[in-house]
Amino acid sequence: MLDIKALRADPEQIAQALAIKGYVLDTQQFTEIEEKRKRLQSETETLQNERNVKSKSIGQAKAKGEDIQPLLALVGDLGERLDKAKAEFSLVQEEQQTLLMSIPNLPHASVPAGRDESDNIELHKWGVPKEFDFTPLDHVDMTASGGLDFETAAKISGARYVVMRGNLARLQRALTQFMLDHHTQVNGYQEVYVPFIVNADSMRGTGQLPKAAEDMFRINGETETYLIPTAEVPVTNIYRGEILNEADLPIRHVCHSPCFRSEAGSYGRDTRGMIRQHQFEKVEMVQLVHPDTSWDTLDTLTGHAEGILQALELPYRAVTLCGGDLSFTSAKTIDLEVWLPSQGQYREISSCSNFLDFQARRLQARFRNEAGDIELVHTLNGSGLAVGRTVVALLENFQTNNDYITIPDALRPYLGGVQQLSLND
RNA sequence: GGAGGGAUGGCAGAGUGGUCGAAUGCACUGGUCUUGAAAACCAGCAAGGUGUUAAAACCUUCCAGGGUUCGAAUCCCUGUCCCUCCGCCA
């Protein structure tokens, strides 16, 4: 949520900034609602004041044993007028709130203009894609003997799911373990375990609702709950409505969770293999920081995700998302894209974002600063990494022309020290 | 699933219809004392909004939403969550 004070002060400037994201802010609509709000609020509050003063005098008169009948008559129709004003006010307030909740975060000044991912700007590359002396397969063909089984998953559940067997299932578990250990032991994150089903307040808090409702799996029950699309939701919402001490910052959490996405609107995209699934594993880093440090933190957070790719010896590149590709909540996002030999291109494996105070304002996640004042924290998160896609990247980049893949040094301790892993066992 | 109890400031915890936004304690901030610290003592200390150069002033908020009343933290209804006991259970 944007700061409504900033919107009041200069709606045109905000509208201009939002245009970079491809969002059209109707400033005239906003101004009209705002003026109505102001008028109704002051009217309501005046009536309320009148009522409070008179009610109080009734109480005092009664305490002194005086006759309160004349005073009661005086209050007369006040209640009715107040109810009417209140109703109108809450209506316009709701209207304003709805509008405010649907306005995306402002992109940072350094975010490049552009419409979609083709306009993203490459920051740097790391590693060199391997030259194969045979034609590399994709991960689906590599595991056709049953390690990755999409047909069986389709029978059990439908399209965009996978059954993993034997060493493939173990590989995913090993990667998860390695990432968690790395972030906790090397990068100073605290591991957390959280619920994977969350309520609507949590979804609103991190900004998935109301805008992205169609991307979520809603649970069919009495209360409105959802499967999480990312651990960002439960982990960040730990701090919803909390006032932290400045000394508590920065807070760094890492969390492994399954992620559930309906992938509405991506029909026909990445239908083959494990790139785009309704259910996948992810290790997520979440930070709550002092507002002064969030931009530095975006760099270090991105570095933490890069550290995993480097340890796994996977070639990747970092790109800055352009305005049109930026998510609803993000002020700036750096994507890490891993090299996939079968596709001959880099594909997203991590997304690191600074949300500034946008989520914190929705969440009311705040801290008391040294002067004793209460301020909103800044929130950030990044995948470290998407585990399913890391399995794909590892398979494809480390394939050999027999049924084994080689295992990078960093991962060997998690697989019993083996140098090679059979795809058939 | 059955029975009962509860939700109040950063935390703990009083408050059952009227100067209650709310006692008290802890924590925190400032001061006195001290070589320094601790202790003791004094003072300050909820959030959000309207408003103002700044203040003052005003409004809202005691889990959430409805209701009763001139007036609700307090009474009534509904919901959510927590606790205790019984049952069931990975």
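Naming: A, B, ... by sequence-line order, numbering from 1 per chain. Just the heavy atoms: all of them, side chains too, but no hydrogens, waters or symmetry mates, feed the values below.
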* **A/Ile374 side-chain proximity, nearest of B/G48, B/G49, B/U19** => B/G48
* Report yes if at least one side-chain N or O of A/Arg8 is closer than 4.0 Å to OP1 or OP2 of B/U50; otherwise report no. => yes
* Structure fact -> Of the listed B/G49, B/C59, B/G10, the closest approach to the A/Ile243 side chain comes from B/G10
* Is it true that a side-chain atom of A/Gln364 and a backbone atom of A/Arg361 form a donor plus acceptor pair closer than 3.5 Å? -> yes
* Atom-to-atom span, CG of A/Asn369 to C1' of B/U29 - whole angstrom -> 12 Å
* Under 3.5 Å, side chain of A/Arg204 to main-chain N/O of A/Asn199, donor-acceptor pair present? -> no
* Spacing of A/Gln13 atom CD and A/Thr27 atom OG1 [to the nearest 0.5 Å] -> 13.0 Å
* Asked: Applying a 3.5 Å limit to both distances, which nucleotide forms a Watson-Crick or G-U wobble pair with B/U52?
  -> none
* Asked: Which nucleotide, in any strand shown, forms a Watson-Crick or G-U wobble pair with B/C70, with both distances under 3.5 Å?
  -> B/G18
* **B/A46 and B/A54, which share atom name C1', separated by this distance in whole Å** => 23 Å
* Quick one: are the ring centres of A/His378 and A/Phe358 less than 6.0 Å apart? -> no
* **Whole angstrom value for the distance that separates C1' of B/G10 from OH of A/Tyr239** => 16 Å
* **Euclidean distance for P, B/G66 against B/U74 (whole angstrom)** => 14 Å
* Any donor-acceptor N or O pair under 3.5 Å, side chains A/Gln420, A/Thr406 -> no
* Rounded to the nearest angstrom, tell me the gap between atom CG in A/Asp373 and atom P in B/C45. => 14 Å
* Under 6.0 Å from the CZ atom of A/Arg115, do we count more than 12 heavy atoms belonging to anything else shown? -> no
* Structure fact -> The side chain to side chain donor-acceptor pair (under 3.5 Å) partner of A/Tyr189 among A/Gln287, A/His182, A/Arg252, A/His183 is A/Gln287
* Asked: Atom CD of A/Gln364 to atom P of B/U61: distance rounded to whole Å?
  -> 17 Å
* **Whole-Å gap separating P (B/G79) and CD (A/Glu224)** => 18 Å
* Asked: Quantified in whole Å, what is the C1' atom distance between nucleotide B/U80 and nucleotide B/G65?
  -> 10 Å
* In the structure shown, which nucleotide is the Watson-Crick or G-U wobble counterpart of B/A90, with both distances under 3.5 Å? -> none
Collect all protein-nucleotide pairs involving nucleotides 62-72 of chain B in which both atoms are nitrogen or oxygen and the distance is under 3.5 Å.
unit_1: B/C70; atom_1: O2'; unit_2: A/Ser55; atom_2: OG; d: 3.1
unit_1: B/G71; atom_1: O4'; unit_2: A/Ser55; atom_2: OG; d: 3.2

* Distance test, side-chain N/O of A/Gln48 to OP1/OP2 of B/C58, below 4.0 Å -> no
* Asked: Quick one: A/Glu242 CD to B/C11 P, roughly how many Å, whole number?
  -> 8 Å
* **Atom C1', compared across B/C45 and B/A22: separation rounded to whole Å** => 15 Å
* Rounded to the nearest Å, what distance is computed from the CZ atom of residue A/Phe89 to the P atom of nucleotide B/U61? -> 12 Å
* Atom-to-atom span, CG of A/Leu244 to C1' of B/C28 - whole angstrom -> 15 Å
* To do: Step through the shown structure and confirm whether more than 12 heavy atoms of other residues, nucleotides or ligands are within 6.0 Å of CD on A/Glu214.
  => yes
* Close residues, residues 35-44 of chain A, relative to RNA chain B [heavy-atom separation under 4.0 Å] -> A/Arg37, A/Lys38, A/Gln41
* Looking only at side-chain N and O atoms, does A/Asn49 come under 4.0 Å of OP1 or OP2 in B/C59? -> yes
* Could you tell me which nucleotide pairs with B/A3 by Watson-Crick or G-U wobble geometry, both distances under 3.5 Å, or answer none if nothing does? => B/U84
* Asked: Should B/C41 form a Watson-Crick or G-U wobble pair with both distances under 3.5 Å, which nucleotide is its partner?
  -> B/G31
* B/U80 OP1/OP2 closer than 4.0 Å to side-chain N/O of A/Asn199 -> no
* Pick the C1' atom in B/A55 and in B/U50, then give their distance to the nearest Å. => 15 Å
* Structure fact -> One should read off an interatomic distance between A/Lys86 NZ and A/Thr44 OG1, to the nearest 0.5 angstrom, of 9.0 Å
* Interatomic distance at C1', B/U60 relative to B/C20, whole Å -> 15 Å
